[in-house]
Structures are given as structure tokens and as C-alpha cells.
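Right, one structure below, let's go through it.
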Amino acid sequence: MVEFGLKLEDNKVEEWSEYYIQYERLKKILKKCKEARQKCADLEEKRPDEAATIRKAVESGLSTPHQSSVSLPQLSEPTSSSGNQLNKISEDSHHEPTSELSSLFHPLGTSPDESSGRYSSYGSESALTRAFSGVSDYFSRSFERQFRDAMKEALGTSNEFDEALDEEIKRVNDFYFSKMKELEQRLIFLKESVKMARGQNADSVSDSDETPLITQRKGESSILSLNAQTMEHLAAAVRRRLTGSRKSCDSNEDSTQRLLGDEDEDIIDRNANPEDARKMKEAQSIKRALIDEYRTAKLLHNFSIMNYTGFVKIVKKYDKTIKESQGKFKKIVTSDTICNGGKDVEGFANRLEFLFANWFCDRDINEARAQMLPKKGDGLQMDWSQLRLGYRMGMCSVLALWVCWDCIWGMLQNGSTTIGGRTAFPVFRGFFGLLLVQWFWGASVWVWTRYRVNYIYIMDLDPHLVRSPIAIFNDSVDDTLFYLITMLLYYKAGVHDIPGNFPAGIFPAIAVCYALYRLIFPLQLRIPMWTTIWEVITAPMTSPAFYHSYIGDIFTSMVKVFQDLAWTTGFMLSGDFLISEDSKRATSHTWSHASWYKQILIPLLTLAPLWFRFNQCLRRYMDTGNRFPHLANAFKYALTQTVTLFGAFHPLYMTNKHESALFQLFWTCAFVSSSLYSFFWDVYMDWGYVSLH
């Protein structure tokens, strides 16, 4: 089941987000309370007899052998005076018996003489007895202090949860009833508009006989609604107005009907006389106001349901954590105390449906509900998250065009190389590969979600950590903006379009720091990601699932990205980014010409993804015992590794022409065989386009 915290975030109305229950905050406080109580339990387990004595003394208000009398409330039932008691516990638990503790540090066989301040001799036996007694007394006091501090912390966190819960309930209820008042005021204003439209005074219909729409809460003024008689008056007024419009302009009956009932709401016949057009516009305005009122009421009803569910769930967690206080909030968290169970706004929405049906749908309540549903482009709802995403994507497009323009213009104007020939370009090229992976993952999730592919089940993902396509795209846009800005600044610094107070390589260094931060945080998402990557790397020792094979296949397409990231690591660790690009040393990069880099690291990075997939296939064969397709798939990667291996070490045998021709022939045959084998496997096995039967 999806965690409620994520479900709450998905169902929040963005404009009201600060008024929802802070579910995660209450969970954190409850976690602290659980840890504090566990600390008490651990201490009590170490010295059960002594802890029982201290707890009994605390609960009964008696003094312990090493402590003055302190009155402590029970942990399970904190009282209103717990604050003062907590302070008293703190003072007593941190009291140090200095006179007895100092005796531990007196020389053996001596004690301070009270009158002279000098040390006098005792018998050796009494001195040893005193020393051991002092040590035992010291550790006993230390345990008592720790246990009392743990009890104080447990009681403090419990009180903190009580206060936080009361605060959350008050904020949610205050917002709910304030919105109900606002909705009622808007309905009253709408009612007055209808009265004025039919030529009556505002006081022509009495409100004294109207029944309350919502139950009056203590401290709240009553909120009144329309009764059936008043509704009938309003409905009759609208019908008379519409009937008069039809009589004066019979030829426009179809357009008027479309205005009031069909999807083409904004069409008003231009041939109608000004008075009829004004009346139709008024009807249109009333209709839109009712729809907007209805949708707000539905959102407020959802607000009440989500918050009530959140309070119920957090109280259940409290009962499981603190079993001694189980049922403590039973009377506080009920359907009547949290937004009145949403009954008020639900009744309000039903009355709006009744009004809309009478005025615009010939009393057909089902048709009224259908017309009052949200519609794209009706102007009554706006998805601001998509607007912000589109705005930032537009910024990315402008920056991308700017980078391309500067690079091309610099080459055409000066005849110099573009940014592709600059020393730190592999840094940006490697990060561009990571950005593409992020964008393609978001696009894949969007396609799977759009066509209802249960990728969470197929890939065995944790539902708590699965992000929506919009969230992935938002992160991708932010990362792309940072990437383009640093790339543009690097180019401008290299061509001296901005002051050169520091080396141009500082901008790639900033990009590296940002990339490292994004690869580590947020920890909740990155720890599972790195765990999966580790399981892919250690395939022979871990059984691969479909998701591991999927990641392994992606790695086989990222060989160039891995090489660029390795170059970036050398570029940063060697300090080359601090060298001015005008210097001759800027392009030397002696470390990149070393044998450990060219003949060891680069070939290993080239072979590593293929080796991971090869091991995964072998492990799948060991787990299932099926030679086909696992061994056949392993042979495909083994053949590809052979081609890659000979290609990577090709310069080592270029000295002998006879051997060169022999190796070239071998490499060409292996390359053609590997390509054909991989092509057949992809078409037949992976894509399933060809059937041999």
C-alpha cells in the first residue's frame, strides 16, 4: 500500500498546502518519542532492580537512597503540570554530590580534616572500604541520573506530540470553517445578484425561516443556507428571465440552449437585442459562479477527508508506540471534531447541485453533476505546476540557443574552435550524458503511466520512492538550467567576454560540485539508487531481477559517459582546472597520457558494462538452470567483450605489419559476427518481431 504521506502530497490543493495536517512532522515527533522510550527500556534492562526502585520512587513521590524526593508524573499519562515537573527532574538529575564524589580522588588512607583542611591518616582497611563504597555509589548515581534523564526525555517528547497534535487540529479546523464561511458569503452574494436581476429588492425574500447549512460549532457564528422555498423563488426568477429572452428572440433559441446547457457556453447570438444579450450574459455569469462554487466545495470536502484520515492514522501510530496510553485521543480525533466529518461542505455541494439542476438542466440532477465537472480550458481551474514546468523549459530552450549561437558565431567570426575544442569540454560532455539519462527516464515513466503499464510491479520498485513524471521533469529542468548556465559562463570566460579574475576552469569545478551533490542528495532516493548499482556491479554474488538487467543494459550504452567522467575525475584531482587556458600547460594533461590511464583504466571502463551483463546472465542460469536463453545471452556479451578488448589494445600490435594484418582480419570477423548476433538477438528475443515458428 502506498504510504499515506505521499498520497496526502498528491491530493493537496496547492493554494491550501500550508493548512493541511503536517503528517511528516507528527511522525518525526512520534519517532523521537519511540527512541526515548526505547532508551528507558534499554537502561531498565541493564539494571532492572535499581531501575524499578527509581521508577517506583518517582511514581510514588518518595526519595531514592541517592536522591532527594522528586515528584514525577507517569510517562503514560502526562499532566498539565508536566512542564514544571520536567524542570524539577532536570535540576535533581544533574545535581552532583560533590563531597562524596571528591572522596574518590583523596589519597588512600587520608581524608580531609574539616577544621584544618589537612588530611589525617586512617587504617588501610577502612580506606579501601571507603574507596570501593565511593566508586559503587558514584556509578549508582550515574545510572540514576541517566535513567531520570531518559524518563524526562520520554515524557517531554510525549508532551511535544500532544501540543503538536492540538496545534494541527486547530489549524485544520480554522481553515475549514473559514472557507465554509467564504463559500456561504459567495452564495449569499449570488442570491442577491439573482434578486436584483429579477427586479426585487435585496430584502424582498426573508432569511428568517432558513435552516442552517452546517452545524454550529462552539465559538462560531451560525451559517445559513437557502431553504426549498427560497430556492424555488430563485429558480422561478431565472426561468422567467430565460423565458422572456426566448419570447423576444425565438430565432435564437438554439444558441440560448447551447449557452445554458451544452459545451459551447461562450456562444451568444450577436443578432439578439442588447437587453436579451445582457440577460444571457448574466445567466452565463451565474452559471460559471455556481460551477466555481461547486468545485471549491468538492475540493474542501476532499480537504476534510484527507485531514481526518491523516489524524486517524497518526493516532493509530501513537497507540502502537505508547501502548500504555492507547485510546488517549479517542475522543479528540473523531469525525465530528475534525472538520465536522465534511458533512457541512457535502451538504453545501448537494444544494449547489440542486440549484444548478433547477436553473440550467430542467431539474435533471445527473446532468447538472456532469456539467459541473472540471473541463480543460474552461478557465475555472489552472494547473500551476505544469505552467511553472513549461516556463522553466522555455528558459532551458533560450539558454541552449544562446550557447549554440555563441559557439557558432565565435567560430564564424574569429575562425577559432568552438567550445568542443576547449580543454574542459569532456566535463560538460559527461554531464550531458547523465542529463540525457535523467530526461529519458522521465519520458519513459510518463509513457508507462500514460498507457497504464505497471512498471512499479514489473521492476519491483518501492512504491514509497516512485516519483511522478512531473517531479522527474522538474528536477531535470533544474539540473539542465544549472548545466547550461555554467557551460555558458565557461565559454564566456574562455573568450574573455567576462572579467578574468579567476581561471575559466572554475566553472567546470562548480558543475562537478553540483553534480556530486545531486548524486548524493536527497538520501531517501539516492541510497536505493546506489544500492541497485552496487547489486548490478556484484552480479555474480547477487541474484539479478528485471530491474538490474534493465540498469545493466543502460550501462552498456554509457561507455563514453563513463570515460568522460573518468577524465573529469583526473582533471579535478590533478588541479588542471586551476591552470589558465592561455597557458601552454592547459592542454598538456600529462596524466591522461600515462599508461595506467590509456592502457588500464579506459579499457576497463569499456569492458565493465559488458562484464556486468555477462555475469548477470551466468547468475540467471545458476538460479534457473535454463541454458536458453541465459547462456546464449551470455555468449552475446562474451563475443562483444572480445571485439572491445582487441579494439582497445589495437595500438599495442601496430609495430609488426604481418601481425597487424592478422589481427585486423580477426577483429573484423569478430566485429561482423558480434554485430549480426546482437542484431538477431535484439530483433528475435528482446523485441519479439520475428517468430521462427
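Since we're looking at a predicted model, the values are computed, not measured.
Of the candidates Arg25, Lys32, Lys31, Lys28, Lys32 is the only one forming a salt bridge (Lys or Arg N to Asp or Glu O under 4.0 Å) with Glu160.
Put simply, the side chain of Leu631 reaches to within 4.5 Å of the side chain of Arg627, judged on heavy atoms. The side-chain heavy atoms of Phe161 and Cys33, taken from C-beta on, include no pair separated by under 4.5 Å. Two residues are said to be in side-chain contact when any heavy atoms from C-beta on lie closer than 4.5 Å; Val172 and Phe303 meet this criterion. Between Leu565 and Leu434 there is a side-chain heavy-atom pair separated by less than 4.5 Å. Counting only heavy atoms from C-beta outward, the side chains of Met685 and Lys636 never approach each other to under 4.5 Å. Put simply, the side chain of Gln38 does not reach to within 4.5 Å of the side chain of Glu35, judged on heavy atoms. The closest side-chain heavy-atom distance from Tyr20 to Val13 is below 4.5 Å. In this structure the side chain of Pro540 never reaches within 4.5 angstrom of the side chain of Leu618, judged on heavy atoms.
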Test log, rule side chain to side chain contact (heavy atoms under 4.5 Å, CB included), inputs Leu488 and Phe507: CA-CA 9 Å; Leu488 184 62; Phe507 296 108; over 6 Å; no
Between Asp553 and Tyr550, is a side chain to side chain contact (heavy atoms under 4.5 Å, CB included) present by the stated rule, with each step listed? CA-CA 5 Å; Asp553 284 335; Tyr550 179 78; 5.9 Å; no
Applying side chain to side chain contact (heavy atoms under 4.5 Å, CB included), run through Tyr637 and Trp611 and close with a yes or a no. CA-CA 7 Å; Tyr637 289 106; Trp611 177 254; over 6 Å; no
Let me see the working for Thr640 and Phe614 under side chain to side chain contact (heavy atoms under 4.5 Å, CB included), right down to the final yes or no. CA-CA 10 Å; Thr640 308; Phe614 176 75; over 6 Å; no
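In summary, the aromatic rings of Phe571 and Trp567 are positioned with their centroids under 6.0 Å apart. Aromatic pair Trp441/Trp448: centroids less than 6.0 angstrom apart.
A donor atom on one side chain and an acceptor atom on the other are not found under 3.5 Å apart for Tyr547 and Glu535. Side chains of Asn474 and Arg392: a donor-acceptor N/O pair is present below 3.5 angstrom, by distance only. No hydrogens or angles considered: a donor-acceptor pair under 3.5 Å links the side chains of Tyr514 and Asp479.
Separation of atoms CZ (Phe482) and CZ (Phe431) is listed at 10.0 Å; rounding is to 0.5 Å. Here the CZ atom belonging to Arg518 is positioned 7.5 Å from the CG atom belonging to Asp478, to the nearest 0.5 angstrom. From Thr556, atom OG1 reaches atom CG of Leu610 across 6.5 Å, with rounding to the nearest 0.5 Å. Atom CG of residue Leu484 and atom CZ of residue Phe428 lie 10.0 Å apart, to the nearest 0.5 angstrom. Residue Ile472 holds its CD1 atom at 8.0 Å from CG of Asp475, rounded to the nearest 0.5 Å. Note: Asn307 CG to Trp16 CH2 = 11.0 Å, rounded to the nearest 0.5 Å.
With Arg422 contributing its side chain and Tyr490 its backbone, the two residues share a donor-acceptor pair below 3.5 Å. Under the 3.5 Å distance criterion, the side-chain polar atoms of Ser674 are left unmatched by any main-chain donor or acceptor of Ala670.
Nearest heavy-atom pair across Gly442 and Pro469 is O-CB, 4.3 Å.
The number of heavy atoms from other shown groups lying within 6.0 Å of CE (Met393) does not exceed 12. In the displayed structure, Met529 atom CE is contacted under 6.0 Å by more than 12 heavy atoms of other residues, nucleotides or ligands. More than 12 non-hydrogen atoms from other residues, nucleotides or ligands lie less than 6.0 angstrom from NZ of Lys492. In the displayed structure, Tyr391 atom OH is contacted under 6.0 Å by at most 12 heavy atoms of other residues, nucleotides or ligands. For NZ of Lys34, the number of neighbouring non-hydrogen atoms (other residues, nucleotides, ligands) closer than 6.0 Å is 12 at most. More than 12 heavy atoms of other residues, nucleotides or ligands lie within 6.0 Å of OH in Tyr23, so this atom counts as buried by the packing criterion. Surrounding CH2 of Trp534 are at most 12 heavy atoms belonging to other residues, nucleotides or ligands under 6.0 Å away. Counting heavy atoms of neighbouring residues, nucleotides and ligands inside a 6.0 Å radius, atom CZ of Phe671 does not exceed 12 of them.
Ring geometry for Tyr517 versus Phe521: interplanar angle of 30 to 60°, hence tilted.
The pair Glu9-Lys12 meets the salt-bridge criterion, since a charged nitrogen lies less than 4.0 angstrom from a carboxylate oxygen. Residues Arg619 and Asp623 are paired through a salt bridge, judged by an N-O separation under 4.0 Å between the basic side chain and the carboxylate.
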